[in-house]
Amino acid sequence: MTATTATTAPPNAGRTEAQEIHFRSDRNAKIRMYIGLAVLVIWGLAPFYWMVVTAFRDVGYTFDSSPWPTHVTLDNFKTAFSTDRGNHFGAALVHSIIIGIVTTAVAMLVGVFASYALARLNFPGKYVVLGVILGSSMFPGVALVSPLFQLFSSLGWLSGVNYQALIIPNISFALPLTIYTLTAFLSEMPWELEESARIDGCTPGQAFRKIMLPLAAPGLFTTAILAFIASWNEYLLAQQFSTPSTQTVTVAIAQFTGAQPHQEPYTAVMAAGTIVTVPLIIMVLVFQRAIVSGLTAGGVKG
């Protein structure tokens, strides 16, 4: 009686030479893709990582070249919120939140109706209007500083608590982005659903509110995030038009002062930068879930 042994075929058994070449080509392409993604991730996260490491590092070791957290302390965050040296970072956070929310709300309110009309209606000069809107977003902000400064000075908006001096220019920058992004998104939506709702007795407003807006939720969330981030990060106009009562975080961080004259408080600046970045990360993570759920939600129930 003879014993039989089972042999395991190699992974490439049964493949032709052409199939083997194709398999190796796909594998090499995937390897190159993952390497490229790793490089992009490291390139994008390395500055943020170094900012966080410096934010938690003792001020006496500011220029320590160690890539790992050393001499960890929370004093830099206390310094960022301290008003003893004329820093008003806490108040600036509140100002930036107010300006960002109002800017985003107005830009979305106007942008959603404008983009809906551009995506749904056909009229002469439609693409010219869209091109003008896109072109206005390319206009350099520095060219607006002088005329806006003269206008706001005449209106008395450069003193006291006047958020409109910052909100109105931010809207002018956020609105073209909002309209262009939502127009591209709404153009791909199934308009047959709106027509079906109209046949079932909905008015145009009801069809837009009950059918199209829920389906457009992913695009709305994405556009709102982009508009808020643009307002949150704006520095040029905020540096010119803000007052101590409306100073934003970007201006407040740029005006941080150290314990000694001509001393740059790098660790406190990095701590403030970390605090400013964290809300954006949290907001993106929260709304990303809403975007994913919006992509899978909706539909016609029979």
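All values below were derived from every heavy atom in this structure, side-chain atoms included, with hydrogens, water molecules and symmetry-related copies excluded. Model, not experiment: these values are computed from the prediction.
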Apart from Leu40 itself, members of its ILVMFWY cluster (side-chain separation under 4.5 Å) are none
Quiz prompt | Any side-chain heavy-atom pair of Leu118 and Leu186 under 4.5 Å | solution = no
N/O donor-acceptor pair under 3.5 Å between Tyr266 side chain and Phe63 backbone: no
Notebook entry, point to check: Ignoring hydrogens and geometry, is there a side-chain-to-backbone donor-acceptor pair from Ser96 to Val249 under 3.5 Å?
Noted result: yes
query: Under 3.5 Å, is there a donor-acceptor pair between the Thr274 and Thr277 side chains?
result: no
(message) Does the plane of the ring in Phe89 sit parallel, tilted or perpendicular to the ring in Phe81? Use 30° and 60° as the thresholds.
(response) perpendicular
Practice item. Please lay out, stage by stage, how Val129 and Ile133 fare under the test side-chain contact (heavy atoms from CB on, under 4.5 Å). Key: CA-CA 6 Å; Val129 172; Ile133 293 173; 4.0 Å; yes
- Task: Check whether any side-chain N or O of Glu234 sits under 3.5 Å from a backbone N or O of Ala238 as a donor-acceptor pair, and report yes or no.
- Result: yes
Mark yes or no for whether His95, through its side chain, and Ser245, through its backbone, hold a donor-acceptor pair below 3.5 Å.
yes
Full working for side-chain contact (heavy atoms from CB on, under 4.5 Å) between Tyr163 and Val102:
CA-CA 10 Å; Tyr163 289 111; Val102 175; over 6 Å; no
Check for a donor-acceptor pair, side chain of Ser115 on one end and backbone N or O of Val112 on the other, with a separation under 3.5 Å.
yes
Determine the interplanar angle of the Phe152 and Phe241 rings, folded into 0 to 90°, and report it as parallel if under 30°, tilted if 30 to 60°, perpendicular if over 60°. perpendicular
Going by chain and number, the hydrophobic cluster around Val132 (ILVMFWY, side chain to side chain under 4.5 Å) further includes Val128
Just by modelled atom types, is the Ser242 backbone N or O under 3.5 Å from a matching donor or acceptor in the Thr246 side chain? no
* Asked: Do any N or O atoms from the side chain of Thr183 and from the backbone of Tyr180 form a donor-acceptor pair under 3.5 angstrom?
  -> no
Next item on the list: Please report the C-alpha distance between Phe149 and Leu158 in whole Å, then the side-chain angles of each, then the deciding distance to 0.1 Å, and finally whether the side-chain contact (heavy atoms from CB on, under 4.5 Å) criterion is met.
Entry: CA-CA 8 Å; Phe149 187 86; Leu158 299 183; 3.5 Å; yes
Checking the side chain of Ser172 only, and the main-chain atoms of Pro169 only, is there a donor and an acceptor separated by less than 3.5 Å?
yes
Should Val276 and Ile101 be counted in the same cluster of Ile, Leu, Val, Met, Phe, Trp and Tyr side chains packed under 4.5 Å apart? yes
>> Between Thr62 (side chain only) and Val59 (backbone N and O only), is there a donor and an acceptor less than 3.5 Å apart?
In response: yes
Only residue of Thr54, Asp58, Thr267 satisfying side chain to side chain donor-acceptor pair (under 3.5 Å) with Asn76 is Thr267
Find out whether Met138 and Leu134 are in side-chain contact, i.e. whether some heavy atom of one side chain is under 4.5 Å from a heavy atom of the other. yes
Apply the test side-chain contact (heavy atoms from CB on, under 4.5 Å) to residues Trp50 and Met270: give CA-CA distance (whole Å), side-chain angles for both, the deciding distance (0.1 Å), then the verdict. CA-CA 9 Å; Trp50 190 253; Met270 294 302 167; 5.8 Å; no
